[in-house]
Engineer: 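Structure in structure tokens, see below.
Keep in mind that what you see is a predicted model, and the values were worked out from it rather than measured. Keep in mind that the numbers below use all heavy atoms, side chains included, and drop hydrogens, waters and symmetry copies.
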Amino acid sequence: MMLEVQGGIVLIVVDMQRDFLDASGYVDSAGVDFERLRLIIPNVIKLISIARDNRILIVFTREGHRENMLDCAPSKYARSKRSGAPIGSGSPLGLHLIRGSYGHDLIDEIEPIDNEIIIDKVAYSAFYQTELNHILNNNGINNVLICGVTTEVCVHSTLRSAIDIGYSCWTISDACEAGTEYLHKAAIEMIKSEGGIFGSVITTNEAVKLIQSAQR
């Protein structure tokens, strides 16, 4: 695979939040294997470090809602209730997926520094009704590197939005994870189908080489 890009690059780190990655968080309460999701943390840390060293734009996303939940669609709330972890219900990490709660924030290992960008979103896609596309356009970004959780939901939704807008996209397979191996592999295979219908799939080591070789 030729690892070459033209134009600016962004590393989008999707939803590496305590509610998804810590015990008693939203994902754990819904019966999803949060410890499996945590396996990617070292690779995500590595990507963030390399991006910082090479002055690549980094965007962190967080999924969550207002405390009054007026921005939470009834269908989404109903689905969360069926999962056993209603959005807004209490846990040792605070209220599930509510902005300002301890669980809503990013894990300690992945803390933005300086003026790095955090996109708070109410939907699975980080582009839906946020300023993300505007920020990327203003910074001459053509290429999206994406990592985080979960592969089949927020990573895929953000990826599909980016593809529809016209970005060249690179999903970092060993820096994304799902609650099961089946879901992760299926989501990755969807990306690669039809000659890369949703862009390219690369490893963390390949992403490092791409970042290091990029011209800003």
Engineer: Are Asp19 and Arg62 ion-paired here, with the side-chain N under 4.0 Å from a carboxylate O?
Structural biologist: no

Engineer: Kindly indicate, with the supporting measurements, whether the criterion side-chain contact (heavy atoms from CB on, under 4.5 Å) is fulfilled by Ile9 and Leu210.
Structural biologist: CA-CA 10 Å; Ile9 299 176; Leu210 187 150; 3.4 Å; yes

Engineer: Take a 6.0 Å sphere around CZ of Arg52 and say whether it holds more than 12 heavy atoms from other residues, nucleotides or ligands.
Structural biologist: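 Atom CZ in Arg52 is packed in, count exceeds 12.
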
Engineer: At what distance, to the nearest 0.5 angstrom, does CD1 of Ile202 lie from CD1 of Ile146?
Structural biologist: 11.5 Å

Engineer: Does Thr171 reach the side chain of Phe198, with side-chain heavy atoms less than 4.5 Å apart?
Structural biologist: no

Engineer: Looking at every heavy atom in both Asn137 and Tyr167, which two are closest together, and how far apart are they?
Structural biologist: OD1-OH, 3.5 Å

Engineer: Can you see which heavy atom on Thr151 is nearest to which on His184, and at what distance?
Structural biologist: OG1-ND1, 2.8 Å

Engineer: At their closest point, which heavy atom of Ile211 faces which heavy atom of Ala51, and how far apart are they?
Structural biologist: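 Ile211 and Ala51 have their closest heavy atoms at CG2-CA, 4.3 Å.
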
Engineer: Given 3.5 Å as the limit, does a donor-acceptor pair link the side chain of Asn54 with the main chain of Ile56, or not?
Structural biologist: no

Engineer: Find the distance between CG (Leu159) and CD1 (Ile191) and round it off to the nearest 0.5 Å.
Structural biologist: 5.0 Å

Engineer: Should we say atom CD of Glu109 is surrounded by more than 12 heavy atoms from elsewhere, each under 6.0 Å from it?
Structural biologist: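 Atom CD in Glu109 is crowded, with more than 12 foreign heavy atoms closer than 6.0 Å.
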
Engineer: Considering only heavy atoms from C-beta outward, does the side chain of Ile40 approach that of Ile172 to under 4.5 Å?
Structural biologist: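 SC-SC contact between Ile40 and Ile172 ruled out.
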
Engineer: Looking only at heavy atoms, what is the nearest atom pair of His96 and Ser91, with distance?
Structural biologist: CE1-CB, 3.5 Å

Engineer: Examine distances only and state if a side-chain atom of Asp71 and a backbone atom of Arg66 form a donor-acceptor pair shorter than 3.5 Å.
Structural biologist: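 Indeed, once roles are kept as given, a pair shorter than 3.5 Å links the two residues.
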
Engineer: Under a 3.5 Å threshold, yes or no: a donor from one side chain and an acceptor from the other, between Ser125 and Ser161?
Structural biologist: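 Yes.
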
Engineer: Is Lys192 paired with Glu189 through a side-chain N to carboxylate O contact shorter than 4.0 Å?
Structural biologist: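 Lys192 and Glu189: salt-bridged.
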
Engineer: So Phe20 and Asp28, do their side chains get closer than 4.5 Å, heavy atoms only?
Structural biologist: no

Engineer: Measure the shortest side-chain to side-chain distance between Val14 and Phe60 over non-hydrogen atoms and say whether it is less than 4.5 angstrom.
Structural biologist: no

Engineer: Apply side-chain hydrogen bond (donor to acceptor under 3.5 Å, both in side chains) to Thr150 and list each qualifying residue two or more places apart in sequence or on a separate chain.
Structural biologist: Glu152

Engineer: Any donor and acceptor pair, going by atom type alone, linking the side chain of Thr130 with main-chain N or O of Leu132 inside 3.5 Å?
Structural biologist: yes

Engineer: Restricting to side-chain hydrogen bond (donor to acceptor under 3.5 Å, both in side chains), what partner residues turn up for Thr61, sequence neighbours left out?
Structural biologist: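 By the side-chain hydrogen bond (donor to acceptor under 3.5 Å, both in side chains) rule, Thr61 matches Asp15.
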
Engineer: Would you name the heavy atoms of Ala126 and Thr158 that are closest together and state the gap between them?
Structural biologist: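 Looking at all heavy atoms of both residues, the closest pair is N-OG1, 3.0 Å.
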
Engineer: Give the other cluster members for Val153, using side-chain heavy-atom distances under 4.5 Å between Ile, Leu, Val, Met, Phe, Trp and Tyr residues; answer none if it is isolated.
Structural biologist: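 ILVMFWY cluster around Val153 also holds Tyr124.
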
Engineer: Mark yes when over 12 heavy atoms from residues, nucleotides or ligands other than Glu111 sit less than 6.0 Å from its CD; otherwise mark no.
Structural biologist: no

Engineer: Side chains of Ile58 and Ile117: closer than 4.5 Å at any heavy-atom pair?
Structural biologist: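 They are not in side-chain contact.
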
Engineer: Taking the hydrophobic residues Ile, Leu, Val, Met, Phe, Trp and Tyr, and joining any pair whose side-chain heavy atoms are under 4.5 Å apart, which ones share a cluster with Leu93?
Structural biologist: Tyr102

Engineer: Any chance you could measure Cys169, atom SG, to Ile163, atom CD1, to the nearest 0.5 Å?
Structural biologist: 3.5 Å

Engineer: To the nearest 0.5 Å, tell me how far Gln212 CD sits from Asp53 CG.
Structural biologist: 8.5 Å

Engineer: Working to the nearest 0.5 angstrom, can you tell me the gap between Leu70 CG and Asn68 CG?
Structural biologist: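 Separation between the atoms: 3.5 Å.
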
Engineer: Can you check whether Leu145 reaches Trp170 side chain to side chain, under 4.5 Å on heavy atoms?
Structural biologist: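 In short, these two side chains touch, coming nearer than 4.5 Å.
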
Engineer: Would you call Glu63-Lys76 a salt bridge at under 4.0 Å N-O?
Structural biologist: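 Answer for the salt bridge query: yes.
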
Engineer: Tell me, please, which residues at least two apart from Asn43 pass side-chain contact (heavy atoms from CB on, under 4.5 Å).
Structural biologist: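 Expected list: Asp174, Ala175, Thr204.
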
Engineer: What's the verdict on side-chain contact (heavy atoms from CB on, under 4.5 Å) for Ile48 and Val13, showing C-alpha distance, side-chain angles and the deciding distance?
Structural biologist: CA-CA 8 Å; Ile48 292 170; Val13 181; 4.1 Å; yes

Engineer: Are any of the side-chain heavy atoms of Glu131 and Ile119 separated by less than 4.5 Å?
Structural biologist: yes

Engineer: Answer yes if Leu95 and Val122 sit in the same cluster of Ile, Leu, Val, Met, Phe, Trp and Tyr residues linked by side chain heavy atoms under 4.5 Å apart, and no otherwise.
Structural biologist: no

Engineer: Give the cluster check for Leu183 versus Met190: same hydrophobic cluster or not, with ILVMFWY residues linked at side-chain heavy-atom distances below 4.5 Å.
Structural biologist: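 As far as the 4.5 Å side-chain criterion goes, Met190 and Leu183 are not connected within one cluster.
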
Engineer: Rounded to the nearest 0.5 Å, how far apart are CD1 of Ile165 and CG of Leu136?
Structural biologist: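 With rounding to 0.5 Å, CD1 (Ile165) is 8.0 Å from CG (Leu136).
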
Engineer: Treat each ILVMFWY residue as a node, draw an edge where side-chain heavy atoms are under 4.5 Å apart, and state whether Ile107 and Ile118 are in one component.
Structural biologist: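 Looking at the clustering, Ile118 is in the same group as Ile107.
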
Engineer: Between the main-chain N or O of Ala187 and the side-chain N or O of His156, is there a donor-acceptor pair closer than 3.5 Å?
Structural biologist: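 Side chain of His156 to backbone of Ala187, a donor-acceptor pair under 3.5 Å: yes, one is there.
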
Engineer: For Leu106 and Ile110, which heavy atoms make the closest approach, and how far apart are they?
Structural biologist: CB-O, 3.5 Å

Engineer: Can you confirm whether His104 sits close enough to Arg18 that some side-chain heavy atom of one is under 4.5 Å from a side-chain heavy atom of the other?
Structural biologist: no

Engineer: Please report the C-alpha distance between Asp105 and Gln17 in whole Å, then the side-chain angles of each, then the deciding distance to 0.1 Å, and finally whether the side-chain contact (heavy atoms from CB on, under 4.5 Å) criterion is met.
Structural biologist: CA-CA 5 Å; Asp105 210 353; Gln17 300 162 244; over 6 Å; no

Engineer: After noting the C-alpha distance and the side-chain angles of Leu37 and Asp33, does the key distance pass the side-chain contact (heavy atoms from CB on, under 4.5 Å) rule?
Structural biologist: CA-CA 7 Å; Leu37 302 184; Asp33 185 358; over 6 Å; no

Engineer: Side-chain polar contacts of residues 78-85 - donor-acceptor pairs under 3.5 angstrom, sequence neighbours left out - could you list them?
Structural biologist:
residue, atom, partner, partner atom, Å
Arg79, NH1, Tyr26, OH, 3.0
Arg79, NH2, Tyr26, OH, 3.0
Ser80, OG, Tyr77, O, 2.7
Ser80, OG, Ile87, N, 3.1
Ser83, OG, Ser80, O, 2.6
Ser83, OG, Ala85, N, 3.4

Engineer: May I ask you to say whether Arg36 pairs ionically with Glu177, meaning some side-chain N is under 4.0 Å from a carboxylate O?
Structural biologist: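 So Arg36 pairs with Glu177 through a salt bridge.
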
